[in-house]
Amino acid sequence: MKFIIFSDIHSNLEAVKSFSLKIDGFPHDKKVCLGDIVGYNADPNPVVEWVKDEVDLVLAGNHDWCVLNPKKSNYLNPAAYQACAWTRRNLTKSNLSFLDALPIESGDDYFYWVHSSPFEPKKWHYISTIKSADKNFNFFKQNICFLGHSHLPAIFEKNKNNEVRSHDFSKMTLDPESRYIINVGSLGQPRDGNPNPVFVTYDSVSYVLEFHRFSYDSASTQQKIIASGLPSMLADRLNFGQ
C-alpha cells in the first residue's frame, strides 16, 4: 500500500494548494494527516474543508484541541495562544465539530499513527533525541510509528539488537526487522531551517520511505496573517523555516 503522510498544516491554504498540485502525479492508496490542521495561519476554514474532502485518516493535534478547549491552552506561547483564540472565533460550527470528533492516535497491525508521542499522547511530548525515541519505542507495538508535532523531519530506528539510532536521509529503504519512529515534519510551518513544506511517502511493499519538499506562495500566506491581525512574527518565521 502506498501512503502520503503529512502533519501540522496550521491553516496554511497556499501550502495546501501547492501540495495538492505536487501530489497529483503520485500514485497512492491513502492520505494521512497527523494533526494540527489549524493554528498560526489565517485560513482555518478552507483548510479544514480540504482535509474533510481529501484525507483518508485524520488525527487531532494539540492546536486543534486548544481551539476546542480554551482552558487547556494556557501552556502555549503568546503568539500561538492568540492564534488559537482567533481561530476559535473564525471557525464555522461544522468545522469545529469536525475537529472535535477527531482521535489523537490510531493503529493497526503494522502502523501506529499519533500527533505527538506514543508515551502520554494527550500531554503532547516531543521526540527529538535518541533518548526520547528509545523511551517511546516501549509505548507502541507496531513496526512503524508516524508522527508530527515538532515540525522537524526525523527518522529513528531500533534494530533487532535493540540499538537506537537516527538517520538523516531524504530517501531510505526501511529494514523489515527494525522498528521506526518517523517524524514527517510540517506542511504549514517548517522549523528545520528550510522554509519549504515537507511530507512523506511510504510504500509498504517496497519499504521505501521518502521525504519531499516543495515551494509555495508564502508571501500570500504572510499577507493574510498580517491582514487578519495575527502576530506579525507568525508571518516573519515563514521566511526562515523557524
Side-chain angles (χ1 to χ4, degrees), residues 4-26 31 33-55 58 60-68 70 73 75-96 98-99 102 115 148-153 184-200 211-242:
I4 293 175
I5 311 161
F6 53 95
S7 189
D8 297 271
I9 308 173
H10 287 299
S11 301
N12 190 332
L13 182 61
E14 281 68 39
V16 166
K17 288 179 177 178
S18 292
F19 172 62
S20 294
L21 293 174
K22 175 75 173 179
I23 64 174
D24 189 47
F26 283 47
K31 297 187 192 76
C33 175
L34 299 175
D36 276 2
I37 302 164
V38 299
Y40 293 128
N41 297 307
D43 278 308
N45 283 304
V47 168
V48 173
E49 295 291 344
W50 178 85
V51 168
K52 283 182 186 178
D53 293 340
E54 297 291 334
V55 184
V58 187
N62 59 308
H63 284 256
D64 307 317
W65 269 35
C66 285
V67 165
L68 296 163
S73 59
Y75 71 92
L76 295 174
N77 67 58
Y81 183 89
Q82 185 175 338
C84 275
W86 181 92
T87 301
R88 190 180 306 118
R89 294 193 302 270
N90 284 275
L91 272 176
T92 65
K93 289 184 178 179
S94 63
N95 286 335
L96 282 166
F98 174 76
L99 295 181
L102 295 176
H115 178 68
H149 190 45
S150 73
H151 299 211
L152 302 174
V184 302
S186 174
L187 207 65
Q189 194 196 73
R191 292 182 190 167
D192 61 339
N194 184 339
N196 290 332
V198 60
F199 67 96
V200 158
F211 290 86
H212 305 265
R213 312 290 301 226
F214 62 93
S215 60
Y216 74 104
D217 183 8
S218 58
S220 291
T221 301
Q222 292 170 311
Q223 289 166 7
K224 290 178 180 179
I225 290 170
I226 300 303
S228 71
L230 288 165
S232 60
M233 63 85 63
L234 296 176
D236 296 339
R237 71 188 302 174
L238 296 178
N239 286 329
F240 309 106
Q242 297 178 348

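What you see is a predicted model; the values in this text were computed from it and never measured. Along the sequence shown, the residues carry numbers beginning at 1.
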TODO: Quick one: do L76 and H63 satisfy side-chain contact (heavy atoms from CB on, under 4.5 Å)? Show the steps, please.
DONE: CA-CA 9 Å; L76 295 174; H63 284 256; 4.3 Å; yes
Between side-chain atoms of residues 46-55 and protein atoms elsewhere (two or more places apart, or another chain), which donor-acceptor pairs fall under 3.5 Å?
| from | atom 1 | to | atom 2 | distance (Å) |
| --- | --- | --- | --- | --- |
| E49 | OE2 | N95 | ND2 | 3.3 |
| W50 | NE1 | S20 | OG | 3.3 |
| K52 | NZ | N95 | OD1 | 2.7 |

- [ ] Measure across A79 and M233 and return the closest heavy-atom pair with its distance rounded to 0.1 Å.
- [x] CB-SD, 3.7 Å
Task: Side-chain donor or acceptor of D36 paired with backbone N/O of N62 under 3.5 Å - done: yes
TODO: Check for a donor-acceptor pair, side chain of S73 on one end and backbone N or O of P70 on the other, with a separation under 3.5 Å.
DONE: yes
Task: Non-hydrogen atoms of P197 and A15 that approach each other most closely - done: CG-CB, 4.2 Å
Open item on the list: Applying side-chain hydrogen bond (donor to acceptor under 3.5 Å, both in side chains), can you list everything that pairs with N90, at least two apart in sequence or on another chain?
Closed with: none
Open item on the list: What I want to check is whether the side chains of N12 and T221 have a donor and an acceptor closer together than 3.5 Å.
Closed with: yes
- [ ] For V58 and I37, run side-chain contact (heavy atoms from CB on, under 4.5 Å): C-alpha distance rounded to whole Å, both residues' side-chain angles, the deciding distance at 0.1 Å, then the answer.
- [x] CA-CA 9 Å; V58 187; I37 302 164; 3.7 Å; yes
TODO: Determine whether R213 and P153 make a side-chain contact, defined as any pair of heavy atoms from C-beta on separated by less than 4.5 Å.
DONE: yes
Open item on the list: Quick check for you: to the nearest 0.5 Å, what is the distance between C33 atom SG and L102 atom CG?
Closed with: 8.5 Å
Task: Smallest separation among heavy atoms of S11 and P44, with atom names - done: OG-CA, 3.3 Å
Task: salt bridge (charged side-chain N to carboxylate O under 4.0 Å, His left out): pairs with one or both residues in residues 224-242, sequence neighbours excluded - done: E14-K224, D43-K224
Task: Nearest-0.5 Å distance that lies between atom CG in N41 and atom OG in S218 - done: 10.5 Å
- [ ] Starting at CG of D192, measure out to OG of S150 and round the result to the nearest 0.5 Å.
- [x] 9.0 Å
Open item on the list: On a heavy-atom basis, which atom in A83 and which in Y40 lie closest, and how many Å separate them?
Closed with: CB-N, 3.4 Å
Task: A85: partners by side chain to side chain contact (heavy atoms under 4.5 Å, CB included), with sequence neighbours left out - done: R88, R89
Open item on the list: Run the ring pair (Phe, Tyr, Trp, His ring centres under 6.0 Å) test against H151 and tell me which residues pass, sequence neighbours left out.
Closed with: H10
Task: Atom pair CG/CD of N194 and Q242 - distance to nearest 0.5 Å - done: 12.0 Å
Open item on the list: Minimum heavy-atom separation for V198 and G185, please, with both atom names.
Closed with: CG1-CA, 3.7 Å
Open item on the list: A side-chain contact here means heavy atoms from C-beta on lying under 4.5 Å apart; do I23 and K31 qualify?
Closed with: yes
Open item on the list: Can you confirm whether I226 sits close enough to S232 that some side-chain heavy atom of one is under 4.5 Å from a side-chain heavy atom of the other?
Closed with: yes
- [ ] Taking all non-hydrogen atoms of both residues into account, name the closest pair between P195 and L238 and its distance.
- [x] CB-O, 3.3 Å
- [ ] Go through the steps for F19 and I9 under the test side-chain contact (heavy atoms from CB on, under 4.5 Å), then give the verdict.
- [x] CA-CA 10 Å; F19 172 62; I9 308 173; over 6 Å; no
Task: Residue pair N239, Q222: steps toward the side-chain contact (heavy atoms from CB on, under 4.5 Å) verdict - done: CA-CA 9 Å; N239 286 329; Q222 292 170 311; 2.9 Å; yes
- [ ] Any pair with a residue in residues 225-234 that passes salt bridge (charged side-chain N to carboxylate O under 4.0 Å, His left out), sequence neighbours left out, goes on the list, sorted by first then second residue, please.
- [x] none
- [ ] May I ask you to say whether R191 pairs ionically with D8, meaning some side-chain N is under 4.0 Å from a carboxylate O?
- [x] no
- [ ] Please round to the nearest 0.5 Å and tell me the distance separating atom SG of C84 and atom CG of L68.
- [x] 9.5 Å
TODO: Report the distance from atom CZ of F98 to atom OG1 of T92, rounding to the nearest 0.5 Å.
DONE: 11.0 Å
Task: L187 side chain near F214 side chain, heavy-atom distance below 4.5 Å - done: yes
